[in-house]
Amino acid sequence: MSDANGGTVRTRFAPSPTGWLHVGTARTALFSYLHARRHGGTFVLRIEDTDVERNVERGAEGIADALGWLGLRADEGYGVGGPHGPYVQTERLDRYHTSVASLIERGLAYRCWCTPEELAERRKAAQAAGRPPGYDGRCRDLPDAQIRAYQAEGRVPAVRFRLPDEGETVVTDLIRGTVRFDNATLTDFVALRPNGIPTYLFAAVFDDVDMGITDVIRGEDLFPATPSQLHVFRALGREAPPRFAHLPLLVGPDGRKLSKRLGAVAVEEFRAQGYLPEALVNYLALLGWALDDHTEHFTLAELERVFELERVSRNPAQFDPRKLEALNGWHLRELSADDFTARSLEFVRRAGYPDADQDLLRRAAPLVSERVTRLDQVPGMVGFLLDDEVELDPDAAAKVLDAEGRAFLDAATKLLQAVEPWTAEAIETTLRALQAERGLKPKKAFQPIRLAITGTLVSPPLFESMELLGKPRSLARLERARVHPG
RNA sequence: GCCCCCAUCGUCUAGUGGCCUAGGACACCACCCUUUCAAGGUGGCGACGCGGAUUCGAACUCCGCUGGGGGCACCA
């Protein structure tokens, strides 16, 4: 795909450094990244920090880190560099100033001396009177005397971009098709604040032009801003505007905007809970996009080959943590034992096993990986291997260590002392023989052993677990359970 | 108030006039497998918002309604 000028595709992701990377924002980044990759283009990362009040310390680094974790590396931009820098908007102020001055000179923009208070008041009045709340155009053509009066008052003007009052503006969108906007509904917006910092509406367009962006992929919340921005593109001399693709919004379980209240929303939070980037990417790709009627599992590399913006749906998608979790379990099971171990390690260490035996974890991996859906569940599953201070669950003990259960435990302990070599197979043969001899159901016979070994009634497979634990430790636990059953 | 978008199982979606008694996935239920828990397998529950129109024929086209969402800032 090439743009109207024959160039290759250039997309950008332009977050504001106002906090952690939100999953909805991350999905926008993913789609933008995929579109660039799919067409052999360039993915640019730009930081839009023009709302200086809301910027947070190290916000841009945090976002870049989260993107990197997801595997969405920028080809150009913040943290990477490139020929169109700087890629942080507050470092580009002189460019905006030059451009705005030229717009004023050409009559495409004008100074507005209204104060925020005056604007708020008029907005309120307009709404009360049933008129649209947008700017009323008061400063469009001010007489010199009035301007001098404002200056004498010490007012510092903002600069507004002038928009047409009549006619219509046609927006063409890769996802939504063609939409016509009546220009009468457009109002002159502030392009440059009195403090010299531009607003989003202007800065984003200026940068898209300056950075040669051919495809603007963003959230649907920006769709209504598109007609206004189209006029800016034209004013800035761009022969053809970029292609636009407005993605459906992500909503929470309540059908409303995804919010903190209903669970994790930041990529970092999912990471801390033990979600794999592969799973998050897979899930996010499926929110509002599908390849066909049956393919559900994708790697980033596969998505880069098959993703098509044209197949993005137009309706808002509800974020479903359960499906993410299911997908995470699937990706966890896809991991090799080595990989699973490597990724589990930090979770195990943080959970109170700083010196966890990596080799032991590696051997336990196949037993554990199909029993967890998040990495933060791993410590709970392997704890019995790492810590000899296992406490027997009292409720479980009461339930399982009845006369029969204890008798089996006693007999098993004696028999197991003779088992050599200490393999799952040998252990199983021994215990099953005893179980059959006693005429007990497997569950009845083995749950007391499981309790003694792991402390609970839910664990990885028993015989394999005992092999991993080793003979001395296993026998010690059986012994201990006989003497101190809870 | 005005402008814009959207509308298939609870959720994400497939579906572009006949292949649809609407397919898949998650969730849920049952069964199978089974040393617990999982994983896996099989089956089940479950949707085209409503009303018109066009057509031999509409989930798919058009209109209206209803419902949801977004926007109307010196936020992005």
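All heavy atoms count here, side chains included; hydrogens, waters and symmetry mates do not.
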Using a heavy-atom cut-off of under 4.0 Å over every strand shown, decide if [X] touches base, sugar-phosphate, or nothing.
| X | value |
| --- | --- |
| Thr50(A) | sugar-phosphate |
| Gly288(A) | sugar-phosphate |
| Ala290(A) | sugar-phosphate |
| Arg311(A) | sugar-phosphate |
| Cys112(A) | nothing |
| Leu222(A) | base |

Can you tell me, in whole Å, how much space there is between the [atom1] of [N] and that of [M]?
| N | M | atom1 | result |
| --- | --- | --- | --- |
| A47(B) | A22(B) | C1' | 9 Å |
| C62(B) | U16(B) | C1' | 15 Å |
| U42(B) | G51(B) | P | 38 Å |
| C56(B) | G44(B) | P | 38 Å |
| G10(B) | A27(B) | C1' | 8 Å |
| A7(B) | U11(B) | P | 14 Å |
| C33(B) | A39(B) | C1' | 11 Å |
| C2(B) | U8(B) | P | 26 Å |

Determine which nucleotide pairs with [N], using a 3.5 Å limit on both distances of a Watson-Crick or G-U wobble pair.
| N | value |
| --- | --- |
| G64(B) | C50(B) |
| C9(B) | none |
| C33(B) | none |
| A73(B) | none |
| A27(B) | none |
| A39(B) | none |

Is there a donor-acceptor contact under 3.5 Å linking the side chains of [X] and [Y]?
| X | Y | answer |
| --- | --- | --- |
| Thr373(A) | Gln377(A) | yes |
| Thr90(A) | Asp49(A) | yes |
| Arg450(A) | Gln447(A) | yes |
| Tyr96(A) | Asp207(A) | yes |
| Ser336(A) | Asp339(A) | no |
| His297(A) | Asn282(A) | no |

Taking only side-chain nitrogens and oxygens of Ser313(A), does any of them come within less than 4.0 Å of OP1 or OP2 of U13(B)?
->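 So the side chain of Ser313(A) is within the cut-off, an N or O lying under 4.0 Å from OP1 or OP2 of U13(B).
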Below 4.0 angstrom from OP1 or OP2 of C74(B), is there any side-chain N or O of Arg123(A)?
->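 Yes, such a contact exists.
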Taking [atom1] from [X] and [atom2] from [N], how many angstroms apart are they, rounded to a whole number?
| X | N | atom1 | atom2 | answer |
| --- | --- | --- | --- | --- |
| His246(A) | C3(B) | NE2 | P | 20 Å |
| Phe13(A) | A76(B) | CZ | P | 16 Å |
| Leu119(A) | A73(B) | CG | C1' | 9 Å |
| Asp136(A) | C72(B) | CG | P | 17 Å |
| Leu286(A) | U11(B) | CG | C1' | 12 Å |
| Leu201(A) | A76(B) | CG | P | 9 Å |
| Leu250(A) | G70(B) | CG | P | 12 Å |
| Gln318(A) | G67(B) | CD | P | 20 Å |

Expected rows: protein N/O vs nucleotides 4-8 of chain B N/O, under 3.5 Å:
| unit_1 | atom_1 | unit_2 | atom_2 | d |
| --- | --- | --- | --- | --- |
| C5(B) | O2' | Arg176(A) | NH1 | 2.6 |
| C5(B) | O2' | Glu220(A) | OE2 | 3.4 |
| U8(B) | OP2 | Asn315(A) | ND2 | 3.3 |

Give the C-alpha distance, both sets of side-chain angles, the deciding distance and a yes or no for side chain to side chain contact (heavy atoms under 4.5 Å, CB included) between His231(A) and Thr169(A).
-> CA-CA 9 Å; His231(A) 290 282; Thr169(A) 302; 2.7 Å; yes
In terms of ring plane angle, is the pair Phe244(A) and His246(A) parallel, tilted or perpendicular, where the classes change at 30° and 60°?
->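 Ring orientation of Phe244(A) relative to His246(A): parallel.
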Where does the angle between the aromatic ring planes of Phe161(A) and Phe189(A) fall among parallel (under 30°), tilted (30 to 60°) and perpendicular (over 60°)?
->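 Aromatic pair Phe161(A)/Phe189(A) classed parallel.
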Contact letters for nucleotides 24-42 of chain B, in which S counts primed atoms plus P, OP1 and OP2 and B counts the base, heavy atoms under 4.0 Å = BBSS-------BBBBSS--
Does Leu249(A) or Thr185(A) map to a spot on RNA chain B nearer the 5' end, using the closest nucleotide for each?
->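 Whichever sits nearer the 5' end wins; that is Thr185(A).
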Take Pro198(A) and Asp221(A), find for each the nucleotide of RNA chain B with the closest heavy atom, and name the residue whose nucleotide sits nearer the 5' end.
->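 Here Asp221(A) is the residue nearer the 5' end.
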How many angstroms lie between atom CD1 of Ile449(A) and atom CZ of Arg477(A), to the nearest 0.5 angstrom?
->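 Spacing of CD1 (Ile449(A)) from CZ (Arg477(A)) equals 13.5 Å.
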In Å, rounded to the nearest 0.5 Å, how long is the span from CG of Leu119(A) to NZ of Lys124(A)?
->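 Here the interatomic distance stands at 14.0 Å.
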Hey, would you say the Phe270(A) and Tyr275(A) ring centroids sit under 6.0 Å apart?
->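 Close enough - the centres of the two rings lie under 6.0 Å apart.
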Nearest of A76(B), A73(B), C12(B) to any side-chain atom of Ala317(A)?
->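 Nearest to the side-chain atoms of Ala317(A), counting from C-beta on, is C12(B).
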